[in-house]
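To start, the structure itself, in structure tokens.
These numbers come from the heavy atoms of this one structure, side chains and all, not from hydrogens, waters or symmetry mates. Note that this is a predicted model, so its numbers are computed, not measured.
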Amino acid sequence: MKLRNFLYLNTKVVEDYIAAIDGYTYDEESQAISTSKEKTLAGKGVFGVASGNGSHTGKQSEEVTRSVRIGDAAKFEKIYKYLCSNEDDGLKYYEFLDEQEYNNLYRDDFLEVLVTARFSKMKELTDSVKKIAELAAVFETITDQHILDKKATEAVNGFSALGQMKSGKEIACVFEFEDGSHPLVAYLDESYFRCEQDNFVGQAYLLCKIIRKIPKGQSIKLDEIFDDIKKMPLNRAQRRTMPKNMDNPAELRDIIKGPALVVLPIAVYQ
């Protein structure tokens, strides 16, 4: 059995898979534990011609019932073992992908991969600006001096507004193999992180399910600012009034080119 330190664990998916495997799900179970103890009885012999002190040792047993909680790690382990035991549609492990292996992957395949995670450029930039703003506020409190001029303050406020727009939404994340080819794109729910997000970025194992493939010649854009507007049902006149170029600025542009995979992240662990 592998012992894992979870950085991210989608407990809803885990519960759904447990329910599919067992037909039900539960958080607690009762365990019966048998215990035994020796009991010594002492006495004086009076039978026959001989007399003396003697003792008799017997065993007494009892059963104790306790209620135990089924942890998320144990539930994940059950799913992991189930996937590994499935010969036809089991778990596939990769530390890199070549063209032939990529072509042999299909939607709904389960993968365990050793990869390095990074957040989208949008999140990385807005997080950095947030830290700068917090540092500037501390510095101003200590020294009573402003370290950001008017333009810098406006830029910080603008990026902070972008960060608030993305707050509460899924976080776009790119998982890359060591050779940099065949990246995996995933969208993470903030409520399932098991560590600080600053400690999440780095090399780890990812267990995931393929949602779709991005073939060579195609691409996917991450964290498009105007993506919601593009999806609005506008009529022809409204579309003519919209700007022609609604792509992210170059500093925030994050395009993942195929061949790549879009996956459902189940767990990230070390």
Q. Would Leu91 and Leu111 show up in the same hydrophobic cluster when neighbours are defined by side-chain heavy atoms closer than 4.5 Å?
A. no

Q.
Is the shortest side-chain heavy-atom distance between Val13 and Ile79 below 4.5 Å?
A. no

Q | Output field: ring centroids Phe119/Phe200 closer than 6.0 Å | A | yes

Q) Any link between Val201 and Phe175 through a network of hydrophobic side chains (Ile, Leu, Val, Met, Phe, Trp, Tyr) touching at under 4.5 Å? A) yes

Q. Between atom CG of Leu184 and atom CD1 of Ile210, what is the distance when rounded to the nearest 0.5 Å?
A. 7.5 Å

**Q.** Least distance between heavy atoms, Leu105 atom then Lys92 atom
**A.** CD2-CD, 4.1 Å

**Q.** Nearest-0.5 Å distance that lies between atom OH in Tyr205 and atom CG in Asn5
**A.** 13.0 Å

Q) Any donor-acceptor pair under 3.5 Å linking the side chain of Glu15 with the backbone of Lys12? A) no

**Q.** Main-chain N/O of Ile266 paired to Lys209 side chain as donor or acceptor, under 3.5 Å
**A.** no

Q | Same apolar cluster (I L V M F W Y, side chains within < 4.5 Å links), Val268/Leu264 | A | no

(Q) I'd like to know if the side chain of Arg107 reaches the main chain of Ile211, judged simply by a donor and an acceptor atom lying under 3.5 Å from each other, with no hydrogens or angles considered. (A) yes

Q. For Lys121, does its backbone N or O pair with a side-chain atom of Asp254 as donor and acceptor, under 3.5 Å?
A. yes

**Q.** Ile220 CD1 to Ile255 CD1 distance, which is reported to the nearest 0.5 Å
**A.** 11.0 Å

Q.
Before we go on, tell me: are the rings of Tyr17 and Tyr82 under 6.0 Å apart, centre to centre?
A. no

Q. Honestly curious: do Val263 and Phe110 fall in one hydrophobic cluster under the side-chain, below-4.5 Å linking rule?
A. no

Q) Under 3.5 Å, is there a donor-acceptor pair between the Gln197 and Glu190 side chains? A) yes

Q: Rounded to the nearest 0.5 Å, what's the gap from OH on Tyr269 to CD on Glu112? Could you check?
A: 3.5 Å

Q: Taking atom CZ of Phe96 as the centre, report whether more than 12 heavy atoms of other residues, nucleotides or ligands fall under 6.0 Å from it.
A: no

Q) Just by distance, do the side chain of Tyr8 and the backbone of Asp189 share a donor-acceptor pair under 3.5 Å? A) yes

Q) Who are the ring-ring contact (aromatic ring centres under 6.0 Å, His included) partners of Tyr102, not counting sequence neighbours? A) His182

Q: Enter the distance from Met122:CE to Ile171:CD1 here, rounded to the nearest 0.5 Å.
A: 13.0 Å

